[in-house]
Visitor: 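Can you keep this structure in mind? I'll have questions shortly.
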Amino acid sequence: MRQAGRFLPEYRKIREKHDIISICKNPELCAKVTTLPVEILGVDAAIMFADIMLPIEGMGVRFKIEDGIGPIIKQPISDTRSASSLETLDPESDVPFILEAIGLAKKMLDAKVPLIGFCGAPFTLASYLIEGRPTRDFIKVKTLMYRDPKTWHALMEKLSDSMAAYLLAQVKAGVELVQLFDSWVGCLSPQDYHNYVLPYSQRIFKRLEDTGVPRIHFGTGTANLLEEMKIAGGDVFGIDWRIPIDIAWERLGYDVAIQGNLDPATLLGTMELVKSASADILRRVAGREGHIFNLGHGMPPEASTENVAELVNFVHDATSNSAPNAA
Ligand code: CP3
């Protein structure tokens, strides 16, 4: 949840000299940024510092990440020709730097906390590839989905094969959990999710099954999609703040774990607010095994480092009677 992001002065200092993609391509620097939040905040896990768009470059797409906006694609995908020009990712040759950074980060973490690997889910990646930039209405994506289903399915197939290979390579390099980020999937109806997205996210989760590594399935605005997302797969579900966590968990079923739910904007308020919102989440999960305390989406750059560090301490104190790693 951008725990290594711009709200950390130490990260901002590194960013003065390097852009985000250059950090990802420098294994030493990438491993250092990955471990910063563990050192500074005392969080219970590290997530590889990368971006969901990073492997897309290896598939032959040129893009940049613009400050305050997000990924911008030079030549968005619009038809079968541009979709079929994408190459299937070969992680060892296309993104060796991230695999090397995983090894270095693991050494630095020294088995004290687990390391999470991740990738973008096919829908969220396709939405950037087709729209060319972040969007609110997803009109181009939906137009292609409805008007040209053949291209849509070919694109989703290529993305799911590539992302499955990417996650498997990350597991081989040493990550101990994997997270699939389907950040924008909440814009779909359950029926469209079922027809156009579910088979592809499912394919990725299935390919990871034999590794035994826990798989986290994350999205925002997914209150209408939880049952469908559960069918797609995952051992842990990441939810945002638009639905109470106990209601989401009841709907997902207690055979899966749950994380998320604190509105990151809470961190812009007083510490009193942060504590009362967090206490409410803890009250709702009532110590049930399988809860991971987390934000519902990315950390705002304006969040105060002190508030975030104090939140980590608050959750640790409030759950110190639970089983180890329960927080
Ligand atoms: O969470 C972490 O600390 C791990 C690193 C991470 C980043 N991006 C680094 C990053 C992860 C897991 C991501 C995933 C990502 N990237 C997603 C899925 C998760 C989510 O937030 O929904 C998406 C949609 C992207 C695409 C993207 N990259 C956006 C929308 C932005 C924000 C643009 C902005 O400036 O506001 C980025 C840039 C980005 N990726 C930052 C970080 C820390 C911002 C800081 C920077 O530019 O240095």
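This one's a predicted model, so the numbers in the text were calculated from it and none came from an experiment. Both ligands and their constituent atoms are indexed starting at 1 by order of listing.
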Visitor: Evaluating non-hydrogen atoms only, which member of Arg15, Arg6, Arg133 is closest to atom 47 (O) of ligand 1?
Guide: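 The option holding the nearest heavy atom is Arg15.
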
Visitor: Within a distance under 4.0 Å of any heavy atom of Ile20, pick out the atoms of ligand 1 and give their elements.
Guide: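 Checking each atom against Ile20, I get 9 (C), 10 (C), 39 (C), 40 (N), 41 (C), 42 (C).
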
Visitor: Measure up the Trp249 and His291 rings against each other and bin them: parallel (under 30°), tilted (30 to 60°), perpendicular (over 60°).
Guide: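 Tilted, since the angle between the ring planes falls between 30° and 60°.
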
Visitor: My understanding is that we take every heavy atom of each candidate and find the minimum distance to atom 31 (C) of ligand 1. Doing that for Arg12, Glu66, His18, Arg2, which one comes out nearest?
Guide: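 When every heavy atom of Arg12, Glu66, His18, Arg2 is considered, Arg2 comes closest to atom 31 (C) of ligand 1.
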
Visitor: Quick one: are Leu86 and Val61 in side-chain contact, heavy atoms under 4.5 Å?
Guide: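 When only atoms from C-beta onward are counted, Val61 and Leu86 do touch, with a gap below 4.5 Å.
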
Visitor: Counting only heavy atoms, tell me which of Thr220, Leu180, Asp51 gets closest to atom 16 (N) of ligand 1.
Guide: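 The residue whose heavy atom sits nearest atom 16 (N) of ligand 1 is Asp51.
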
Visitor: Side chains of Asp94 and Glu87: closer than 4.5 Å at any heavy-atom pair?
Guide: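 Answer no - side chains too far apart.
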
Visitor: Under 4.0 Å between a Lys/Arg side-chain N and an Asp/Glu carboxylate O for Asp161 and Arg203?
Guide: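 Looking at Arg203 together with Asp161, the answer is yes, because their closest N to O distance falls below 4.0 Å.
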
Visitor: Just to be sure I read this right, does ligand 1 sit under 4.0 Å from the backbone of Met48, its side chain, both, or neither, counting only heavy atoms?
Guide: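 Within the 4.0 Å criterion, Met48 contacts ligand 1 through backbone atoms alone.
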
Visitor: Within the structure, does Thr124 bring an N/O atom to less than 3.5 angstrom of an N/O atom in ligand 1?
Guide: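 In fact, backbone or side chain, Thr124 has no N or O that close.
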
Visitor: Enumerate the atoms of ligand 1 whose separation from the nearest heavy atom of Gln3 is less than 4.0 angstrom.
Guide: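 Close to Gln3: 1 (O), 2 (C), 3 (O).
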
Visitor: Can you check whether Arg251 reaches Ile243 side chain to side chain, under 4.5 Å on heavy atoms?
Guide: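 Arg251 reaches Ile243 side chain to side chain.
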
Visitor: Atoms of ligand 1 less than 4.0 Å from Asp67 heavy atoms?
Guide: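 Taking each heavy atom of Asp67 in turn, ligand 1 has 35 (O), 47 (O) under 4.0 Å.
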
Visitor: Give the single entry among Phe49, Trp184, Phe118 that approaches atom 43 (C) of ligand 1 most closely by any heavy atom.
Guide: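 Looking at heavy atoms only, Phe49 sits closest to atom 43 (C) of ligand 1.
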
Visitor: Measuring from atom 25 (C) of ligand 1, which candidate in Leu295, Ile69, Ile52 has the nearest non-hydrogen atom?
Guide: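 Minimum heavy-atom distance to atom 25 (C) of ligand 1 goes to Ile52.
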
Visitor: Mind checking whether Leu180 and Arg215 have side chains closer than 4.5 Å, heavy atoms only?
Guide: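 A side-chain contact is absent here, since even the closest heavy-atom pair is not under 4.5 Å.
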
Visitor: Output, in order, the C-alpha distance, side-chain angles, deciding distance and verdict of side chain to side chain contact (heavy atoms under 4.5 Å, CB included) for Val274 and Phe314.
Guide: CA-CA 9 Å; Val274 176; Phe314 174 77; over 6 Å; no

Visitor: Compute the shortest N/O to N/O distance between Ala4 and ligand 1 and return yes if it is under 3.5 Å, no if not.
Guide: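 Yes, since at least one N or O of Ala4 sits under 3.5 Å from an N or O of ligand 1.
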
Visitor: With the threshold set at 4.0 Å, does a side-chain nitrogen-carboxylate oxygen contact exist between Glu176 and Lys106?
Guide: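 Salt bridge present between Glu176 and Lys106.
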
Visitor: Just jot down the ligand 1 atoms closer than 4.0 angstrom to any heavy atom of Ile47, in number order.
Guide: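 The list of qualifying atoms is 1 (O), 2 (C), 3 (O), 4 (C).
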
Visitor: Specify side chain, backbone, both or neither for Pro71, according to which of its non-hydrogen atoms lie closer than 4.0 Å to ligand 1.
Guide: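 Side chain only.
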
Visitor: Could you find the nearest protein heavy atom to atom 18 (C) of ligand 1 and give me its residue, atom name and distance?
Guide: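 Result: Ser183 OG, 3.2 Å.
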
Visitor: Where on Met1 is there a heavy atom closer than 4.0 Å to ligand 1, on the side chain, on the backbone, on both, or on neither?
Guide: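 Only the backbone of Met1 comes within reach of ligand 1.
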
Visitor: Where is the nearest protein heavy atom to atom 35 (O) of ligand 1: which residue, which atom, and how far?
Guide: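 Protein heavy atom with the smallest distance to atom 35 (O) of ligand 1: Gly68 N, 2.6 Å.
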
Visitor: Does Glu131 pair with Arg136 as a salt bridge, N-O distance under 4.0 Å?
Guide: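 Salt bridge between Glu131 and Arg136, a charged N being under 4.0 Å from a carboxylate O: no.
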
Visitor: Determine whether Tyr196 and Met156 make a side-chain contact, defined as any pair of heavy atoms from C-beta on separated by less than 4.5 Å.
Guide: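 No. Closest side-chain heavy atoms not under 4.5 Å.
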
Visitor: In ligand 1, which numbered atoms sit nearer than 4.0 Å to a non-hydrogen atom of His297?
Guide: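 Checking each atom against His297, I get 20 (C), 21 (O), 22 (O).
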
Visitor: Using a 4.0 Å cut-off to any heavy atom of Tyr11, which atoms of ligand 1 qualify?
Guide: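 In order of numbering, the contacting atoms are 45 (C), 46 (C), 48 (O).
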
Visitor: Are Glu310 and Lys275 within salt-bridge range, i.e. N to O under 4.0 Å?
Guide: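 Answer for the salt bridge query: yes.
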
Visitor: Output, in order, the C-alpha distance, side-chain angles, deciding distance and verdict of ring-ring contact (aromatic ring centres under 6.0 Å, His included) for Phe118 and Phe181.
Guide: CA-CA 7 Å; Phe118 73 89; Phe181 280 97; 5.3 Å; yes

Visitor: Which option, Gly5, Ala50, Gly70, owns the non-hydrogen atom nearest atom 9 (C) of ligand 1?
Guide: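 The nearest heavy atom belongs to Ala50.
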
Visitor: Between Phe7 and Ser304, does a side chain to side chain contact (heavy atoms under 4.5 Å, CB included) hold up when you go through it step by step?
Guide: CA-CA 7 Å; Phe7 78 104; Ser304 95; over 6 Å; no

Visitor: Mark up the atoms of ligand 1 that fall under 4.0 Å of a heavy atom belonging to Ile65, in ascending order.
Guide: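 Numbered from 1, ligand 1 contributes 38 (C).
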
Visitor: If you measure from atom 24 (C) of ligand 1 to every heavy atom of Tyr128, Phe181, Phe7, which option wins on shortest distance?
Guide: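 Ranked by closest heavy atom to atom 24 (C) of ligand 1, first place is Tyr128.
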
